[in-house]
Structures are given as structure tokens and as C-alpha cells.
Amino acid sequence: MNEIQKKIISLKKERGALILSHYYQALPVQDISDAVGDSFALAKLAQKAEQDIIILCGVRFMAESAKILNPGKTVYLPFEAAGCPMADMICPDDVLSLRRKYPKAAVVCYVNSSAAVKAVSDICCTSSSAEAIVRSLPNRQIIFVPDRNLGAYVAKKVPEKEIILFEGYCPIHNGVSPEDAVAAKKASPEACLLVHPECRPDVLAHADYIGSTAGILDYARNTDAKEMIIGTEIGVYDILKRELPEKKFLMVKDEFVCPDMKKTELEDVLACLEGKRSPIELPENEMLGAKASLERMVSIG
Ligand code: 13P
Ligand code: SF4
């Protein structure tokens, strides 16, 4: 532990704060956290947190979800401008016009979205809970927003539903091409390819395993395979490389980095603990609408 990490740990105890990090955060940030998880785990941990302060090291929608699920807490996003470009691809009017077009459909909203979009949706999902959530709904028609790739993956898994897709995507995962997947497998023919469902369907077609960040980590930890190609953000690769030095990990492509996830510095976390950052605040109507969608997700997933 370096000096700033020690300072954060001691101040965290003094202030009674809970630090949660996503798997894409830089390792020094993960190392000062009480828990590290995928979006679904982070939402659940935030919901049942007893500490007065929650510091969510990730991007804005994650900290907003923590605030919505546990509104009495003071929630900080350490780097306030860390967003998710996919979340910015959709606004509430887009959802409302799809609702008018498909009045019998339920709206499933990926958590990578604003509170305002969640508020006009029926239920949220994460990559690890999307399939179960779509299956759980009585409606045959499902409007799935904003990720067209995750939506197409779920549509394949749940063929009895008609999934209406929106044209959003993660610029980082969508940037992987099938040629990248083929080249990585050709270079390491013994390796299995583990891919996040935010990647394109023609990339998923080459995968040996498809799952959330937590799913990919679990698979890598439990498989007998000795060589793996990681098809998600480099944070997952960094964790595995450090934790399992006896196995060989490769990235499906170079520079598979989410710049927003990497914005959090230890100094930002410290600034939250020193009261030098503003906590998350959201309009009351968005909080209430989004809370219902998020709570439904947590209760089903
Ligand atoms: P997970 O829910 O799989 O952690 O994914 C979050 C995310 O933003 C992926 O890009
Ligand atoms: Fe958003 Fe993609 Fe970054 Fe995940 S990896 S936070 S979906 S931009």
C-alpha cells in the first residue's frame, strides 16, 4: 500500500464510508475498496449498505443507481465527469415514442442509462441479469434499450419473445471486430475466448463463453483451460493476470480500454472522504420512477 492508499483506508474507517469499485477500475483503486463487482453486484451491495457514505468508483450511472436504491445515503462518484457514452445515446422521449409504437410491450432498460430513462422504463437489467429479467416478464413483446448488442444476445437466448431493439451500443465493446476475434484465436489456437455481451453478435459467434465481467472472472477462475483471450475491458485482464499467474491471458485486441472507467484516481477517492466533492443528487420524480425499475431488477435477478 502506498501513502495515499493508507490515508484512504484510515479515513474510510474514521468516516464510516463504504467504497465500492467496478472491475474496470484501475487496480490501485480496486485495492482500497471494500468490494469490487459487476454492475449487478454493485447495485445490490449499495442497496443494502448500512454505512452513511457510499463512494462508488465507476461511472455515473453506477453511482446514480446506488443513490436511487439507497436514497438516505450520501453517495459520491469520485470523478464527477466519468460517464458512459452508451447511456448518453438515449433520452426519455426515445423510450416514450417506442412505447407509443408498441403499446403492448414492456420496456427493459439496461442499467447503462440515465435515471430519467430508467424512470420511463418498466424494469432495469444488467448484463448478468438481462436474460432472467426478459424471461420473467409476461409480455411477449419487449422493448430493450439502449444496447442493441446485449438486446440481440438476449433475443437469441429467449426466442419466444419479440425483442424490439434500440440503436445504442458501447463504443468500446462495439469496437471489437470479428476479424479481431479470429486473429486472436489464430494466434493462440489453444486459448478460449471469453466475451462480454456488449460486443457485436458477429464477435459473440466466435466466443467460447459469453458473460458479464463477473461471469468472465468466474469462468476464468474455475475452468481447467490454461490460456484465455479476454473480450472485455482491460480491467478484467489486469485482475486475472495478477490473480492467476500460472494461466496465460491475452486481450482480444489492443487498447480495449474504457477511458471513463479509468478516470478515477486515488486522489479523487480521497477528496470524497475529505468532503471536497459534491454528492449525487437527482430530481425527485426521476428518483421515484427509476427506483421502481431498479428495485424490480434487484428482486428478480
Ligand atoms: P458488467 O455489468 O458486466 O460489469 O458491465 C458493465 C459495463 O459497463 C460493461 O461495459
Ligand atoms: Fe459504458 Fe462501455 Fe465504458 Fe461500460 S465499457 S462504462 S458500457 S462506455
Side-chain angles (χ1 to χ4, degrees), residues 20-26 29-30 33 35-47 56-66 69 77-90 108-114 117-118 124-133 144-154 166-176 194-200 203-204 207 209-220 230-240 251-253 255-264 294 297-298 301:
L20 301 175
S21 281
H22 187 264
Y23 290 126
Y24 295 162
Q25 292 293 290
V29 174
Q30 295 190 27
S33 303
V36 186
D38 68 356
S39 311
F40 192 63
L42 295 176
K44 283 194 294 186
L45 287 165
Q47 186 186 40
L56 209 144
C57 304
V59 292
R60 178 156 289 270
F61 76 80
M62 295 177 173
E64 285 186 354
S65 296
L69 284 165
L77 174 67
F79 192 94
E80 292 168 34
C84 168
M86 168 155 50
D88 297 334
M89 289 181 186
I90 186 161
V108 176
C109 167
Y110 192 26
V111 279
N112 300 40
S113 54
S114 66
V117 166
K118 289 181 176 82
C124 292
C125 75
T126 64
S127 57
S128 54
S129 60
E131 186 185 331
I133 280 167
F144 192 97
V145 297
D147 188 358
R148 66 181 183 208
N149 292 337
L150 179 62
Y153 171 68
V154 173
F166 183 78
E167 275 302 298
Y169 58 90
C170 162
I172 316 303
H173 286 80
N174 199 67
V176 182
L194 321 182
V195 180
H196 196 281
E198 284 178 12
C199 289
R200 291 163 36 175
V203 171
L204 299 189
Y209 172 79
I210 301 166
S212 75
T213 52
I216 291 174
L217 285 162
D218 282 351
Y219 186 94
I230 303 302
T232 193
E233 209 265 356
I234 196 160
V236 169
Y237 164 90
D238 290 336
I239 294 171
L240 289 168
M251 286 298 288
V252 70
K253 64 172 267 217
E255 288 172 45
F256 199 160
V257 178
C258 174
D260 282 273
M261 280 285 183
K262 298 296 193 248
K263 282 177 178 159
T264 320
L294 278 166
M297 169 187 88
V298 175

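Remember, it's 1-based here, ligands and their atoms both numbered in the order they're listed.
- The backbone N or O of Cys84 lies less than 3.5 Å from no partner atom in the side chain of Asp260, so there is not a single donor-acceptor pair.
- Interface of Met86 with ligand 2, defined as ligand atoms under 4.0 Å from a residue heavy atom, comprises 7 (S).
- The proximity of Glu198 to ligand 2, defined as any non-hydrogen pair under 4.0 Å, is limited to the side chain.
- In summary, the atoms of ligand 1 found under 4.0 Å from a heavy atom of His22, numbered by their order in the structure, are 1 (P), 4 (O), 5 (O), 6 (C).
- Shown here for Ile172 and Pro259, the closest heavy-atom pair between the two residues is CD1-CD, 3.8 Å.
- Residue Glu233 places no heavy atom under 4.0 Å from ligand 1.
- At least one N or O atom of His196, backbone or side chain, sits closer than 3.5 Å to an N or O atom of ligand 1.
- Panel note: side chain Gln30, backbone Gln25; a donor-acceptor pair is recorded below 3.5 Å.
- Taking each heavy atom of Met251 and Glu233 in turn, the nearest pair found is CE-C, 4.2 Å.
- The distance criterion of under 3.5 Å between nitrogen or oxygen atoms is met by Thr213 with respect to ligand 1.
- Inter-residue side-chain proximity for Phe256 and His173 is flagged as met; some heavy-atom pair is nearer than 4.5 Å.
- Here is the list of ligand 2 atoms found below 4.0 Å of a heavy atom in Cys170: 2 (Fe), 5 (S), 7 (S), 8 (S).
- A side chain to side chain contact (heavy atoms under 4.5 Å, CB included) with His22 holds for exactly one of Val29, Val36, Thr264, Thr213; it is Thr213.
- In this model, a donor atom of one side chain and an acceptor atom of the other lie less than 3.5 Å apart for Ser33 and Ser21.
- Heavy-atom proximity to Ser127, at under 4.0 Å, picks out these atoms of ligand 1: 1 (P), 2 (O), 3 (O).
- Under a 4.0 Å heavy-atom criterion, Asp260 is not in contact with ligand 2.
- Proximity to His173 (heavy-atom distance under 4.0 Å) selects the following atoms of ligand 1: 10 (O).
- Atom 3 (Fe) of ligand 2 has no N, O or S atom of His173 under 2.8 Å away, backbone or side chain.
- Lys118 contributes a side-chain N or O that, together with a main-chain N or O of Val111, makes up a donor-acceptor pair within less than 3.5 Å.
- Given atom 6 (C) of ligand 1, the protein heavy atom at minimum distance is Ser39 OG, 3.3 Å.
- Put simply, the side chain of Ser129 never gets that close to the backbone of Cys125: no donor and acceptor are under 3.5 Å apart.
- In terms of modelled atom types and a separation under 3.5 Å, the side chain of Lys262 and the main chain of Tyr24 share a donor-acceptor contact.
- Residue contacts with ligand 1, taken as heavy atom pairs separated by less than 4.0 Å, do not involve Tyr23 at all.
- Considering backbone and side-chain N/O atoms, Thr126 never comes within less than 3.5 Å of an N/O atom of ligand 1.
- For atom 1 (Fe) of ligand 2, the closest non-hydrogen atom of the protein is Cys84 SG, 2.4 Å.
- In this structure, Phe166 and Val145 approach most closely via the heavy-atom pair CB-CG1, 3.7 Å.
- Per-residue contacts place Tyr24 under 4.0 angstrom from the following atoms of ligand 1 (heavy atoms of the residue considered): 7 (C), 9 (C), 10 (O).
- Looking only at heavy atoms of the protein, atom 8 (S) of ligand 2 is closest to Pro85 CD, 3.3 Å.
- The number of heavy atoms from other shown groups lying within 6.0 Å of OH (Tyr169) does not exceed 12.
- Under a 4.0 angstrom heavy-atom cut-off, Cys170 registers as lying outside contact with ligand 1.
- Rounded to the nearest 0.5 angstrom, Leu56 CG and Glu64 CD are separated by 11.0 Å.
- Listed by atom number, the atoms of ligand 1 under 4.0 Å from Asp38 heavy atoms are 1 (P), 2 (O), 4 (O).
- Counting heavy atoms under 4.0 Å from ligand 1, residue Glu198 touches it through the side chain alone.
- Proximity of Ser127 to Tyr110: side-chain heavy atoms (C-beta onward) are separated by under 4.5 Å at one or more points.
- Scanning all protein heavy atoms for the shortest distance to atom 8 (O) of ligand 1 gives Asn112 ND2, 3.2 Å.
- Using a 4.0 Å cut-off to heavy atoms of Ser212, the atoms of ligand 1 that qualify are 3 (O).
- Ranking protein heavy atoms by distance to atom 3 (Fe) of ligand 2, first place goes to Cys258 SG, 2.4 Å.
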